[in-house]
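See structure below.
Note: hydrogens, waters and symmetry copies are ignored here, and every other heavy atom, side chains too, is used. So that the names make sense, note that chain A is the first sequence line, chain B the second, and so on, each numbered from 1.
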2 protein chains.
Amino acid sequence: MLKTKLEEFKEKIKSSGLKITPQRVAVYKEIAQSSDHPCAEELYERLKDKIEGISLTTVYRTLASLEKAGLVKRVPTLKDKIRYDAKVEPHSHFVCVNCGKIVDLDYVPPTPEEVKELGDSLTCTLMCYGICKECQVDE
Amino acid sequence: MLKTKLEEFKEKIKSSGLKITPQRVAVYKEIAQSSDHPCAEELYERLKDKIEGISLTTVYRTLASLEKAGLVKRVPTLKDKIRYDAKVEPHSHFVCVNCGKIVDLDYVPPTPEEVKELGDSLTCTLMCYGICKECQVDE
DNA sequence: CCTTAATATGAAAATAAATTGCAACTTATA
DNA sequence: TATAAGTTGCAATTTATTTTCATATTAAGG
Ligand SMILES: [Mn+2]
Ligand SMILES: [Mn+2]
Ligand SMILES: [Zn+2]
Ligand SMILES: [Zn+2]
């Protein structure tokens with residue numbers, strides 16, 4: 001991860017009145033370098049062998065803190081599991097309805113102004129559903 | 001609900017090898033006449049006093065059946081509760097981040113062809129997040 | 001109409017995801 | 001370093017959804 005991004009992370013954490021802990025750093029780094037929009041449990045699985053003190057509870061709590069601080073965002077899903085994104089700027093997603101993978105698209109979603117229907121919307125995101133290339137091969 | 005829509009419902013149910021039951025009719029009618037994209041529990045709450053034999057379990061099972069039959073679709077959400085839509089054609093949604101309300105937008109989302117990035121996507125939907133008019137008043 | 005096989009239902013138990021209480025521990029600041 | 005504020009892990013809890021299983025209903029055929 002870029003040094004600037006880690007610095008920005010520390011600043012935002014501090015300015016939210018939160019403390020910098022190894023667990024928070026680890027969770028944020030892990031989301032930031034993932035491209036698959038992991039859920040809490042997936043993050044925990046990836047971290048539990050690398051990071052000494054990390055519990056699933058803390059991953060859940062960390063995600064809530066990072067979300068409040070504006071460092072991560074939830075990704076809209078059709079399932080009953082919340083998934084997270086460290087890319088907080090508006091962008092679009094492709095979801096494989098077969099394997100559940102979620103990846104970023106280059107497609108730029110319209111701005112709230114362009115949609116402007118029900119007063120002030122803040123952000124927009126386009127969600128596309130289909131079958132990813134890997135899933136098409138081994139049908 | 002239009003007679004044609006109810007007939008279409010019965011046909012699709014049958015062609016999926018499912019039986020027409022009062023519970024299924026009631027759940028489908030309720031979603032179809034709702035504009036707020038209810039979850040299973042909300043549907044149950046709205047139906048339990050109107051329909052003699054209806055249980056939350058059956059509402060869950062009915063939603064799964066209707067989804068398989070292509071009569072309802074899930075709406076992407078940021079929460080851990082699945083919400084449903086009887087409007088199955090591609091369209092866009094506005095979500096109030098304050099009260100959780102989800103309403104349809106007229107904005108027509110791009111077609112999968114227009115996005116075309118990762119092979120074959122099937123459907124696209126634009127999600128817009130903001131504060132609804134009611135929530136803006138009583139802030 | 002009746003019969004019957006296939007399917008659907010409700011209640012309760014089970015599972016899965018996320019949250020909370022609490023005592024022990026860190027962090028940041030002075 | 002002392003210390004107050006904030007954080008952690010574990011276990012218990014809550015919330016959402018699914019499954020089990022015995023009973024009931026549907027649709028088709030006679
Ligand atoms: Mn993303
Ligand atoms: Mn809709
Ligand atoms: Zn896939
Ligand atoms: Zn609102």
Tell me: [atom1] of [X] to [atom2] of [N], nearest whole Å?
{"X": "B:K81", "N": "D:dT15", "atom1": "NZ", "atom2": "P", "value": "10 Å"}
{"X": "B:E41", "N": "C:dA17", "atom1": "CD", "atom2": "C1'", "value": "15 Å"}
{"X": "B:Y84", "N": "D:dT17", "atom1": "OH", "atom2": "P", "value": "7 Å"}
{"X": "B:I82", "N": "C:dA16", "atom1": "CD1", "atom2": "C1'", "value": "12 Å"}
{"X": "B:E42", "N": "D:dT15", "atom1": "CD", "atom2": "P", "value": "15 Å"}
{"X": "B:I13", "N": "C:dA8", "atom1": "CD1", "atom2": "P", "value": "9 Å"}

Are any side-chain N or O atoms of [X] and backbone N or O atoms of [Y], one a donor and one an acceptor, separated by less than 3.5 Å?
{"X": "B:S34", "Y": "B:D36", "answer": "no"}
{"X": "A:R46", "Y": "A:E30", "answer": "no"}
{"X": "B:R83", "Y": "A:L78", "answer": "no"}
{"X": "B:S92", "Y": "B:Y107", "answer": "yes"}
{"X": "A:Q136", "Y": "A:I131", "answer": "yes"}

In Å and rounded to the nearest 0.5 Å, what is the OG1 to NE2 distance from A:T125 to A:H93?
-> 5.5 Å
Can you list, by residue number, the residues of residues 60-69 of chain A that have a non-hydrogen atom closer than 4.0 angstrom to DNA chain C?
-> A:Y60, A:R61
Taking the side chain as every heavy atom from C-beta outward, state whether A:K101 and A:V95 have any atom pair closer than 4.5 Å.
-> no
Does a side-chain heavy-atom distance below 4.5 Å link B:L6 with B:K29?
-> yes
Most 5' of A:R24 and B:R83 on DNA chain D, judged by nearest nucleotide | A:R24
Salt bridge present between A:R74 and A:E67 (N-O < 4.0 angstrom) = yes
Verify the distance criterion only: is there a donor paired with an acceptor across the side chains of B:H91 and B:D106 at less than 3.5 Å?
-> no
Atom pairs under 3.5 Å, N or O on each side, protein against nucleotides 25-29 of chain D: can you list them with distances?
unit_1: D:dT26; atom_1: O3'; unit_2: B:I20; atom_2: O; d: 3.4
unit_1: D:dT26; atom_1: O2; unit_2: B:K19; atom_2: NZ; d: 2.8
unit_1: D:dA27; atom_1: OP1; unit_2: B:I20; atom_2: N; d: 3.0

Within residues 48-57 of chain A, find the residues that approach DNA chain D with a heavy atom at under 4.0 Å, and present them sorted by residue number.
-> A:G53, A:I54, A:S55, A:T57
If the plane angle is over 60° it's perpendicular, under 30° parallel, otherwise tilted; pick one for A:F9 and A:Y28.
-> parallel
